[in-house]
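Labels below follow one simple rule: chain letters A, B, ... track the order of the sequence lines, proteins then strands, and each chain is numbered from 1. It should be emphasised that the depicted structure is a prediction, and the values quoted were computed from it without experimental measurement.
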Amino acid sequence: MLAAIRPDSWNLPLFLHVLGATLLFGTTATVAIAGFAARARRDHSALLARIVLRTFLLGVIPSWILMRAGAAWIGDKEFPDKTPGWVDVGFIVSEPGAILLIIVGILAWLAARKQGVGRAAVAVPVLASIYLVALGIAWFAMSAKPS
Amino acid sequence: MIAGALNIAALRSGRRPSEILLLFGLIRRIAVPAIGVGTLFLFVFGLWLVHEAGYGYSDGWIVTSIILLLLGNAIGGYAGSRDRRTAEYAQQLVTQGDAPSAELQARVRDPISLAGSYGSGLILVALLAIMIWKPGA
């Protein structure tokens, strides 16, 4: 029933956070799917590698910023002093996750330069899938709020 | 998001029919089933949550959300059926030499199809806003 007693001033930051997280999940899934497709369809691997890179630059990065800014905004309002464990799970996923995303971005750029072939092209969808699992864990923590 | 990103990629000028076919094929094989499963989960668990949280099924914001969910799916489904015909046309062109085609490009950029695809996405954003603000609750 938290939603029923949530102050109106929390709605906008919460909306931006959830929207950013939703877009982040979708764009990361696109990176993973296009990356795996590039391995399966060698005749179109260059095209799919470019799509992976563009999706990363124009989708994943802005979504992560929106998600993280919204999280900081709503976190300051809802928990100004100490954050509960389920919020910490979100920070654990978003902060080290950003490092993983930077690695994905560098590898996506290398893969696009090499026309979607090579080790970088193999690593991108695998790392993106790992990040999707981490996002799924954060998603559960944010929704179910264990403890 | 997956369908949108692949659709945007297909809009680029000079795409060969085999490339359009690949992108629309990924949408059909991966994005469309994901949308179907997601919508089913959203509907079933959403109604369950309404009960658990103590809201009424006849509350205005809940009725509006259900209508928007059905509307978004109907619009997206209609756009998807037009895209399926475009993919079939692309398949024909692949067998005829796979050269870029102005007709195919026009079909990929069909304004009705694009409005349906992106309109259904915007409806989902509106749905999220209703879930957060709960107008009238």
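- Residues passing the side-chain contact (heavy atoms from CB on, under 4.5 Å) test with B:Ala129 are A:Phe15, B:Trp133, sequence neighbours excluded.
- Contacts between A:Leu58 and chain B at a heavy-atom distance below 4.5 Å are absent for every atom of the residue.
- Below 4.5 Å, heavy atoms of chain A meet no heavy atom from residues 83-120 of chain B.
- Atom CZ of A:Phe140 has 12 or fewer neighbouring heavy atoms from other residues, nucleotides or ligands inside a 6.0 Å radius.
- Within the 4.5 angstrom heavy-atom criterion, only side-chain atoms of B:Leu23, from C-beta onward, approach chain A.
- A:Ile65 and A:Leu101 end up in the same hydrophobic cluster when Ile, Leu, Val, Met, Phe, Trp and Tyr side chains are linked at under 4.5 Å.
- One finds the CE atom of B:Met131 at 12.5 Å from the CG atom of A:Leu14 (value rounded to the nearest 0.5 Å).
- By the 4.5 Å heavy-atom criterion applied to side chains, B:Arg16 and A:His44 are counted as neighbours.
- Annotation: residues 24-35 of chain B contacts chain A through B:Leu26, B:Ile30 [non-hydrogen atoms, separation under 4.5 Å].
- Hydrophobic clustering (ILVMFWY, side-chain heavy atoms < 4.5 Å, transitive): A:Leu23 and A:Met67 are in distinct clusters.
- The 12-atom threshold is not exceeded at CG of A:Asp8, counting heavy atoms of other residues, nucleotides or ligands nearer than 6.0 Å.
- Side-chain contact check for B:Leu22 versus A:Leu47: some heavy-atom pair is nearer than 4.5 Å.
- Separating the CD1 atom in B:Ile2 from the OG1 atom in A:Thr30 is a distance of 5.0 Å, to the nearest 0.5 Å.
- Under the 4.5 Å side-chain heavy-atom criterion for Ile, Leu, Val, Met, Phe, Trp and Tyr, A:Leu127 and A:Leu110 are members of the same hydrophobic cluster.
- Around CZ of B:Phe41, the count of heavy atoms belonging to other residues, nucleotides or ligands within 6.0 Å does not exceed 12.
- In plain terms, the two heavy atoms of B:Ala9 and A:Ile51 that are nearest each other are CB-CD1, 3.6 Å.
- The part of A:Ile33 that comes within reach of chain B is its side chain, from C-beta onward, which places non-hydrogen atoms under 4.5 angstrom from that chain.
- Following chains of ILVMFWY side-chain contacts shorter than 4.5 Å, one cannot reach A:Leu135 starting from B:Leu128, and the two form parts of different hydrophobic clusters.
- Summarising the geometry, atom OG1 belonging to A:Thr22 is positioned 9.5 Å from atom CG belonging to B:Leu124; distances are rounded to the nearest 0.5 Å.
- By the criterion of side-chain heavy atoms lying less than 4.5 angstrom apart, applied directly or through intervening Ile, Leu, Val, Met, Phe, Trp or Tyr residues, B:Val50 is not grouped with B:Val44; the two fall into different hydrophobic clusters.
- Within the structure, no pair that satisfies the side-chain hydrogen bond (donor to acceptor under 3.5 Å, both in side chains) test touches residues 53-66 of chain A, not counting sequence neighbours.
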